[in-house]
Amino acid sequence: MKKIITLFVLLFAVVALVACGKIEVSEVNIKNTETTIEIGENLTLEVEVLPEDATDKEVTFSSDKPEFATVSTSGVVLGVAEGDVVITATAGEKSDTISLTVVPEEVEEKEVTSVELTFTATSLDIDDTLQATVVVLPSDAPQTVTYSSSKLDVATVSDTGLVTALKAGEVVITATAGGKSDSVTLTVNEEEVIIPDVTSVELSFPETSVEKGETLQATVIVLPELAVQTVTYLSSDEAVATITEDGLLTALEAGTVTITVTAEGGLTDEAVIQVIDSSVITVDNLQSRINQLVEEYNSSLTGYIKMNASLGDDVLTTDFAYNYTEEGINELMYKQLGAVESHIFVKDQKVYMLENSIKGQIALSASEATMLKQQYGITAFTSQMLDFITDESFFQNLSLDGEVEGVYTFSLNLETYDGTTFDLAGKDAISLELTAVDGEISKIELLIANSNSTEGKTSLEFLGLGVPEIPFPADLILYPAN
């Protein structure tokens, strides 16, 4: 028993002595400086283990992503696929790592030696397409091809070599690859157009009447659209109106003219144009002339008119002059003489009144100005004196008796008149007299002959649209304030 104990103690001492002599690894260093490795490329790792006299310097290797790169037991790294990988070298309790990026193998590109461009045809029609075929040699050289057209208005070419014809002509298509190119000239054929016969022609003007000295442009529609569009024009009376080869009509004298247009093949159309001379008053333009005159006075802020109405010996005369603003009244005169005498004046923002010898004055308020404009406005007077102005039957049944020194006399046909303005009972005749100076109407007078031998007259004189010179009474200031 004592010998066994002694032997155990001796063995323990030997082991302890051996353990005390082992030198541990203090550092592991991978010496390689590479950061990339190509797929299929080998990289042998160079590993330093310190200290040099370490007892166990055996190194083991591992890859964190063997799908990108593997490492052998001897430290040879093999690139497998694109990606990032970390390789670890371990000795004893120490280790070191190296990060690598696996990249594709560099392939040396070959230079293009030739480019050959071909098409299945060298001509095509408008709107047709043609596909290019290109052979780039050598076959392992870059195969990227670009295309160009010498005339983009004749034909275009897409990135894939598809040519589209746009209009007739010749065009050069070029294919380029690797600095080499080839070209082919293509012909885009003229489009064969079949011209159809004219089936219809229509002539129109913006108006059916035109003032003397003015022009009207004709519009012609020839169908079908592909037919020959050339037309000719003819005026039935060139003394009344002429028309150019471009369809511009010029009015020369009052009257009626027929314009005829003729298309290729002989088809025609006509339009009747009335040439109006506004300086001459006629039955046809009478209503429009009166309406135009009234509208000018209605829309003016200044003007002067005189009205007269009589039946037998009873006479009523009214002078009306006005100088308005948009908001109020600068000056106004309403002076009525007859069975009842009534005067109204507006001056210096005051209203002066005289009725049956009674005088008075008040301040011109905004409401008073509005009332005066409505009650003594030009619209009110013209609607009273010219109530026939909208009566179509009245103007349709008038006839011009004649004109003497600017006075036009028209008679109403009582047998055919069916309007509502006049009650024909007890009427023998109704006539209208217009006085014109240089073609401008200055007076309109309506005369009614009654069966009882009395005569009724209403007249309206248009004395100008300028600022009137109103003859204010000298004693306005003496009118007492109300």
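Atom NZ of Lys350 is surrounded by 12 or fewer heavy atoms from other residues, nucleotides or ligands within 6.0 Å. Heavy atoms from other residues, nucleotides or ligands lying under 6.0 Å from CG of Asp159 number 12 at most. Atom NZ of Lys151 sits in a sparse spot, with 12 or fewer heavy atoms from other residues, nucleotides or ligands closer than 6.0 Å. Atom CD of Glu190 has 12 or fewer heavy atoms from other residues, nucleotides or ligands within 6.0 Å. No more than 12 heavy atoms of other residues, nucleotides or ligands shown are found within 6.0 angstrom of CD on Glu264. The number of heavy atoms from other shown groups lying within 6.0 Å of CD1 (Ile362) is above 12.
Using a 4.5 Å cut-off on side-chain heavy atoms (C-beta onward), Val154 and Glu170 make no contact. Looking only at side-chain heavy atoms (C-beta outward), Val210 and Thr215 stay at 4.5 Å or farther from each other. Looking only at side-chain heavy atoms (C-beta outward), Met333 and Glu331 stay at 4.5 Å or farther from each other. Annotation: side chain of Val257 is not in contact with side chain of Val272 (no heavy-atom distance under 4.5 Å). Side-chain contact check for Thr187 versus Thr122: every heavy-atom pair is 4.5 Å or farther apart. For the pair Val163/Thr156, no side-chain contact is recorded, criterion being any heavy-atom separation below 4.5 Å from C-beta on. Within the 4.5 Å cutoff, the side chain of Ile444 has heavy atoms near those of the Leu386 side chain. Looking only at side-chain heavy atoms (C-beta outward), Asn482 and Met353 come within less than 4.5 Å of each other.
How far CG of Leu234 is from CD1 of Ile243: 9.0 Å, rounded to the nearest 0.5 Å. One finds the CD atom of Gln396 at 8.0 Å from the CG atom of Asp418 (value rounded to the nearest 0.5 Å). If you take CG on Leu248 and OG1 on Thr242, they are separated by 8.0 Å, rounding to the nearest 0.5 Å. Atom CD1 in Ile430 sits 5.5 Å away from atom CG in Leu424 (nearest 0.5 Å). Note that CG of Asn323 and CG of Leu301 are 8.5 Å apart. Values are rounded to the nearest 0.5 Å. Rounding to the nearest 0.5 angstrom, the gap separating the CG atom in Asp125 from the CG atom in Asp127 is 9.0 Å.
A side-chain donor-acceptor contact under 3.5 Å links Ser451 to the backbone of Gly426. Side-chain atoms of Lys180 do not come within 3.5 Å of backbone N or O of Thr176 as any donor-acceptor pair. Asp314 contributes no side-chain N or O that, together with a main-chain N or O of Ala309, makes up a donor-acceptor pair within less than 3.5 Å. Although no hydrogens or angles enter the test, the distance criterion places a donor-acceptor pair under 3.5 Å between the side chain of Ser442 and the main chain of Thr435. A distance-only check finds no donor-acceptor pair linking the side chain of Thr268 to the backbone of Val261 [under 3.5 Å]. Judged purely by atom type and a 3.5 angstrom limit, Gln229 uses its side chain to pair as donor or acceptor with the backbone of Ala227. Here the side chain of Gln131 pairs a donor or acceptor atom with the backbone of Thr160 at under 3.5 angstrom. Between the side chain of Ser235 and the backbone N or O of Ala241, at least one donor-acceptor pair lies under 3.5 Å. Remark: side-chain polar atoms of Asp182 are not paired, donor with acceptor, to backbone N or O of Ala175 under 3.5 angstrom. The backbone N or O of Leu137 sits nowhere less than 3.5 Å from a side-chain atom of Gln143 that would complete a donor-acceptor pair.
Scanning both residues, Leu316 and Gly338, for their nearest heavy atoms gives CD1-CA, 4.0 Å. Across all their heavy atoms, Val280 and Tyr408 have their closest contact at CA-OH, 4.2 Å. Nearest heavy-atom pair, Ala155 versus Ala165, reported as atom, atom and distance to 0.1 Å: CB-CA, 4.2 Å. Contact detail for Val136 and Ala177: the closest heavy-atom pair is CG2-CB, 3.9 Å. Minimum heavy-atom separation, Phe395 to Phe388: CE1-O, 3.4 Å. The shortest heavy-atom contact between Val102 and Glu38 is CG1-C, 4.4 Å.
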Steps toward side-chain hydrogen bond (donor to acceptor under 3.5 Å, both in side chains) verdict (Gln336, Tyr334) = CA-CA 7 Å; Gln336 186 180 83; Tyr334 173 81; 2.8 Å; yes
Derivation and outcome, side-chain contact (heavy atoms from CB on, under 4.5 Å), residues Val188 and Leu124 | CA-CA 5 Å; Val188 179; Leu124 66 167; 4.2 Å; yes
Using the side-chain contact (heavy atoms from CB on, under 4.5 Å) rule, take Ile389 and Asn291 through it: C-alpha gap first, then chi angles, then the decisive distance, then the call.
-> CA-CA 7 Å; Ile389 198 169; Asn291 273 311; 3.3 Å; yes
I would like to know whether Val135 and Val115 meet side-chain contact (heavy atoms from CB on, under 4.5 Å); could you show each step before the answer?
-> CA-CA 6 Å; Val135 177; Val115 174; over 6 Å; no
Could you check Phe422 against Phe394 for ring pair (Phe, Tyr, Trp, His ring centres under 6.0 Å), going step by step and ending with a plain yes or no?
-> CA-CA 9 Å; Phe422 301 101; Phe394 175 77; 5.5 Å; yes
Should Val80 and Glu67 be marked as a side-chain contact (heavy atoms from CB on, under 4.5 Å) after you check the CA-CA gap, both sets of side-chain angles, and the distance that decides it?
-> CA-CA 7 Å; Val80 176; Glu67 67 271 24; 6.0 Å; no
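Side-chain polar atoms of Thr174 and Ser183 form a donor-acceptor pair below 3.5 angstrom. A side-chain donor-acceptor contact under 3.5 Å links Asn397 and Thr416. Judged purely by distance below 3.5 Å, without hydrogens or angles, the side chains of Thr421 and Asp387 never pair a donor atom with an acceptor atom. Judged by distance alone, the side chains of Thr454 and Asn452 do bring a donor and an acceptor atom under 3.5 Å apart. For the 3.5 Å distance criterion, the side chains of Asp246 and Tyr233 fail to qualify, holding no donor opposite an acceptor. Judged by distance alone, the side chains of Glu295 and Tyr297 never bring a donor and an acceptor atom under 3.5 Å apart. With 3.5 Å as the limit, one finds a donor-acceptor pair spanning the side chains of Thr256 and Gln274.
A side-chain contact (heavy atoms from CB on, under 4.5 Å) with Ile305 holds for exactly one of Leu463, Leu460, Leu465; it is Leu460.
Here ring-ring contact (aromatic ring centres under 6.0 Å, His included) pairs that include residues 129-159, with residues two or more places apart or in two chains, number zero.
The pair Lys65-Asp84 does not meet the salt-bridge criterion, since no charged nitrogen lies less than 4.0 angstrom from a carboxylate oxygen.
Relative orientation of the Tyr324 and Tyr322 rings is tilted, given thresholds of 30° and 60° on the angle between their planes. Note on ring orientation: taking the six-membered ring where Trp is involved, the planes of Tyr479 and Tyr352 are perpendicular (angle over 60°, cut-offs 30° and 60°).
Under the ring-ring contact (aromatic ring centres under 6.0 Å, His included) criterion, Phe205 pairs with no residue, sequence neighbours left out.
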